[in-house]
4 protein chains.
Amino acid sequence: MSMSEELVDHEEAPVSSATGRPLTKRGEATRRRLLEAAELVFAEQGYHEASIVKITERAGIGLGTFYLYFDSKQAIFEALVLDLNRRVRHSMSEAMAGASSRLEAERAGFAGFFRFTAEHPALYRVVREAEFVSPEVLRLHYTRIVEGYEAGLRAAQAAGDVDRGLDPQTTAWALMGMGELIGMRFLLWERDADGKPPAELDPVVFAGMTRIIDNALAPRTGSGDGGKEA
Amino acid sequence: MSMSEELVDHEEAPVSSATGRPLTKRGEATRRRLLEAAELVFAEQGYHEASIVKITERAGIGLGTFYLYFDSKQAIFEALVLDLNRRVRHSMSEAMAGASSRLEAERAGFAGFFRFTAEHPALYRVVREAEFVSPEVLRLHYTRIVEGYEAGLRAAQAAGDVDRGLDPQTTAWALMGMGELIGMRFLLWERDADGKPPAELDPVVFAGMTRIIDNALAPRTGSGDGGKEA
Amino acid sequence: MSMSEELVDHEEAPVSSATGRPLTKRGEATRRRLLEAAELVFAEQGYHEASIVKITERAGIGLGTFYLYFDSKQAIFEALVLDLNRRVRHSMSEAMAGASSRLEAERAGFAGFFRFTAEHPALYRVVREAEFVSPEVLRLHYTRIVEGYEAGLRAAQAAGDVDRGLDPQTTAWALMGMGELIGMRFLLWERDADGKPPAELDPVVFAGMTRIIDNALAPRTGSGDGGKEA
Amino acid sequence: MSMSEELVDHEEAPVSSATGRPLTKRGEATRRRLLEAAELVFAEQGYHEASIVKITERAGIGLGTFYLYFDSKQAIFEALVLDLNRRVRHSMSEAMAGASSRLEAERAGFAGFFRFTAEHPALYRVVREAEFVSPEVLRLHYTRIVEGYEAGLRAAQAAGDVDRGLDPQTTAWALMGMGELIGMRFLLWERDADGKPPAELDPVVFAGMTRIIDNALAPRTGSGDGGKEA
DNA sequence: AATGAATGAGAATTCATTCAT
DNA sequence: GATGAATGAATTCTCATTCAT
């Protein structure tokens with residue numbers, strides 16, 4: 001029930017689940033293959049349909065070997081969510097890096113998020129199942145993303161780039177929710193003629209999102225945000 | 001995997017799962033008790049942890065009796081989602097009924113949604129697990145809610161109450177996403193001192209949401225929505 | 001780790017392990033078949049080699065059915081030991097019932113014990129494996145038998161039929177040990193020409209045992225038991 | 001299932017399990033550490049709960065190294081039983097060495113046995129589990145001890161120190177059984193206030209045992225041993 | 001001589017579903 | 001209509017043993 005201790009954010013040397021010792025190079029590779037297989041299997045079948053056997057078969061590894069690296073199905077699930085979380089945030093912040101304005105950064109951040117989602121449907125699917133599997137990681141996942149958002153919003157508000165009347169925390173969760181459902185609807189549910197999912201969001205939808213965000217965040221002209229504006 | 005045929009929207013006379021005949025009054029009551037028990041059990045334990053035994057025990061009926069009313073665990077799950085979906089939409093449209101403006105209606109709709117969420121956490125939890133259990137009902141659930149939104153948005157755009165630059169479909173999904181994550185974060189995750197979940201959204205959060213929606217939807221003054229505004 | 005509550009001595013209505021309700025007649029029969037199968041399988045293969053599948057196959061019932069009656073392999077093990085314990089004590093006291101003297105009773109008791117051992121090798125084998133499986137039942141088993149012995153010895157000492165210099169508790173354990181090892185060596189290890197185990201103890205051995213017991217217990221003539229005898 | 005060939009009694013140069021060659025001095029030490037670790041682990045956890053990993057960890061050597069010294073888990077078990085058997089017999093005969101009479105020797109032998117049992121609970125525990133692990137060593141263990149006893153009894157009977165009416169073999173097994181159960185009950189089950197097992201038998205119990213043995217073995221005065229005595 | 005990563009057969013246990021009563 | 005005993009496929013996890021280093 002309790003999470004493993006590896007919930008810290010920083011990449012740290014993974015240890016053998018059996019002996020507690022740090023992994024050899026060979027061990028590291030095996031662990032990585034397991035995580036990659038788990039991502040695929042979880043994405044295709046969901047957490048509950050996935051089984052250790054399916055994961056190890058996909059990884060091309062013996063069943064028993066799994067337990068040298070993870071204590072349980074839940075443990076690899078948590079490790080995977082944390083791994084994907086780290087990567088999606090990396091993807092987002094990289095995308096936002098070159099932006100010249102807050103709104104542009106916002107758009108870029110969403111674009112990065114959607115790109116990652118399209119490439120890693122597992123993140124999406126697995127997280128939505130996580131509430132009863134591992135509530136702690138679920139919360140950690142969302143909270144970590146939201147915290148970045150929130151800090152950005154506060155800074156932008158201070159700089160006058162974002163409506164000061166918005167509550168940063170609420171806004172951050174709201175934006176997160178928008179991104180999640182838009183991604184689900186227009187990336188994961190969408191299939192082209194060949195049954196392939198799209199690599200990126202439909203331009204109309206992306207433009208639509210951009211407009212909503214622009215509207216929502218733009219400093220209000222005229223009506224003040226609690227009197228602080230001229 | 002396939003949905004039962006009862007995906008239609010209207011309340012219709014439920015039939016015995018065994019004989020296919022319409023239920024007697026007594027049968028109706030038993031079916032209702034099963035659905036109520038399922039709502040509680042699914043909400044507390046999630047779909048996979050829930051078991052037929054737990055549901056029938058909670059309902060106070062015999063295990064075998066379950067199969068007189070539902071073909072399978074998945075069947076009651078789908079029936080429950082559809083039932084809750086009907087009720088949440090009812091709750092929302094009722095709340096919006098007396099509103100005098102589009103924005104006010106929007107706020108009222110969200111308020112209705114959050115109220116229902118607080119009272120029926122099952123809707124939330126069950127839906128988030130539904131992707132791998134019954135993708136069809138999952139989509140149906142979201143789509144039905146969104147369709148109402150979308151129609152309202154189009155009408156309001158036509159009336160000039162909502163920014164005509166917004167894409168109604170995208171906007172509807174975005175608003176839905178906002179509501180979902182705000183509800184998750186500030187209703188379902190929140191516990192007061194006694195460990196009880198709050199009956200309604202924190203006023204600050206609700207005000208925050210309102211501001212976001214107001215911003216996002218309000219017709220833009222000055223800059224047009226593609227030149228159509230004066 | 002903890003024993004079930006049924007460690008009390010008296011025959012009591014067994015309950016369903018799943019529902020906690022008392023068993024129907026059909027249920028009682030199934031439970032009895034499981035216990036009988038378990039006795040055979042445990043006797044032949046020992047506790048660790050025995051498996052639930054082997055037991056249910058022997059009983060001619062489905063694997064899952066086992067868990068309607070017992071929580072685990074350990075649970076049926078404990079139930080079996082307690083059941084056999086009750087029966088071996090019954091067998092012994094019945095054998096002793098008609099004896100006219102203490103020494104004769106002693107002999108008859110051992111005879112009853114050996115008869116039971118020959119018919120139910122499981123008791124023997126299973127108990128010797130029990131120390132790491134279920135220490136509590138192991139102790140209960142020995143203690144219950146010894147207590148009967150001890151009480152009989154005290155009474156016989158008071159009546160002057162048994163050497164008053166003997167410590168009743170120590171003596172009871174010593175006699176129990178004698179019986180156990182003699183039974184193991186001369187009943188369980190012994191095979192006749194056809195590979196069949198003997199139905200009863202070799203007369204020479206039984207006579208040998210009798211002599212030891214007679215010697216050990218008989219009141220000392222001449223030398224007193226600490227000066228209390230005339 | 002079959003025993004290794006090392007069942008012979010005499011200490012002989014152990015060989016590598018892998019190469020079959022005699023061990024170097026360093027190898028000897030490793031083997032000894034494995035046996036010592038096995039004794040501790042088997043005593044604490046029993047045969048089935050013990051695992052090779054636990055044993056090698058306790059011994060402070062690598063897992064794979066185990067198989068350089070023993071073919072299997074069963075092999076080290078058998079080696080351990082034989083080793084302990086040799087030592088307990090040594091302990092007993094040493095204790096009996098200086099005795100001036102048969103009865104005194106008997107008492108001293110038991111004392112030696114109990115001392116060894118208190119120091120090496122593994123012997124006890126492991127032997128009681130051995131019936132299904134390795135019946136041959138189990139029998140060998142008991143038989144070797146009993147044979148010594150039996151020879152002693154015959155000699156003492158010839159010398160008139162022990163009741164000639166006793167069957168030596170039966171008596172030897174009976175005495176062995178007494179010792180086993182008394183040891184189990186009053187050494188292994190006993191814990192002092194600190195939870196520590198006692199280092200030796202309670203004096204009352206030991207005196208009790210002595211009396212039983214004295215009674216059982218002492219030549220009968222008056223009534224003969226089947227008429228052969230004068 | 002020593003090591004520990006890899007393996008897979010095998011065990012216990014769960015639970016949706018059936019069906020005789 | 002109602003019931004609950006029976007079922008067995010499927011899942012997770014353990015551990016003795018092998019073998020490349």
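Since the structure is predicted, the reported quantities are computational estimates derived from the model, not experimental observations. First the proteins, then the strands, lettered A, B, ... as listed; each starts at 1.
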Please write out the pairs of protein N or O atoms and N or O atoms of nucleotides 10-13 of chain F separated by less than 3.5 Å, giving the distance to one decimal.
{"from": "F:dT12", "atom 1": "OP1", "to": "A:K73", "atom 2": "NZ", "distance (Å)": "3.4"}
{"from": "F:dT12", "atom 1": "OP2", "to": "A:I52", "atom 2": "N", "distance (Å)": "3.3"}
{"from": "F:dC13", "atom 1": "OP2", "to": "A:Y67", "atom 2": "OH", "distance (Å)": "3.2"}

Quiz item: Who are the ring pair (Phe, Tyr, Trp, His ring centres under 6.0 Å) partners of C:F132, not counting sequence neighbours?
Solution: none
Quiz item: What does D:G62 touch in the nucleic acid at a heavy-atom separation under 4.0 angstrom: a base, only the sugar-phosphate, or nothing?
Solution: sugar-phosphate
Within less than 4.0 Å of OP1 or OP2 of [N], is there a side-chain N or O belonging to [X]?
X	N	value
A:T30	E:dA6	yes
C:R31	F:dA5	no
A:T65	E:dA5	no
D:Y69	E:dA2	yes

Exercise. Hey, which sits more toward the 5' end of DNA chain E by its nearest nucleotide, A:G60 or D:I61?
Key: D:I61
Expressed in angstrom and rounded to an integer, what is the separation of [X] atom [atom1] from [N] atom [atom2]?
X	N	atom1	atom2	value
C:I76	E:dT13	CD1	C1'	15 Å
C:E28	F:dA5	CD	C1'	14 Å
D:L68	F:dT21	CG	P	18 Å
B:F70	E:dT18	CZ	P	16 Å
C:R32	F:dA5	CZ	C1'	19 Å
D:Y47	F:dT14	OH	P	19 Å

Exercise. Anything under 30° is parallel, anything over 60° is perpendicular, the rest tilted; go ahead and classify B:H48 against A:H48.
Key: parallel
Exercise. Fit a plane to each ring of A:Y47 and A:F42, take the angle between them on a 0 to 90° scale, and name the class: parallel (under 30°), tilted (30 to 60°) or perpendicular (over 60°).
Key: parallel
Regarding [X] and [Y], does a basic nitrogen lie under 4.0 Å from an acidic carboxylate oxygen?
X	Y	result
B:R33	B:E28	no
B:E39	B:R125	no
C:R58	C:E44	yes

Exercise. Evaluate the side-chain proximity of D:F77 to D:V81: yes if any heavy-atom separation is below 4.5 Å, no if none is.
Key: yes
Self-check item: Closest heavy-atom pair and its distance - D:A37, D:I55
Solution: CB-O, 3.5 Å
Quiz item: To the nearest 0.5 Å, how far apart are CZ in D:F66 and NZ in D:K73?
Solution: 9.5 Å
Practice problem: Under 3.5 Å for both distances, Watson-Crick or G-U wobble, that's the pair rule; now give the dot-bracket for DNA chain F, with | marking pairs to another strand and [ ] for crossing ones. | Solution: .||||||||||||||||||||
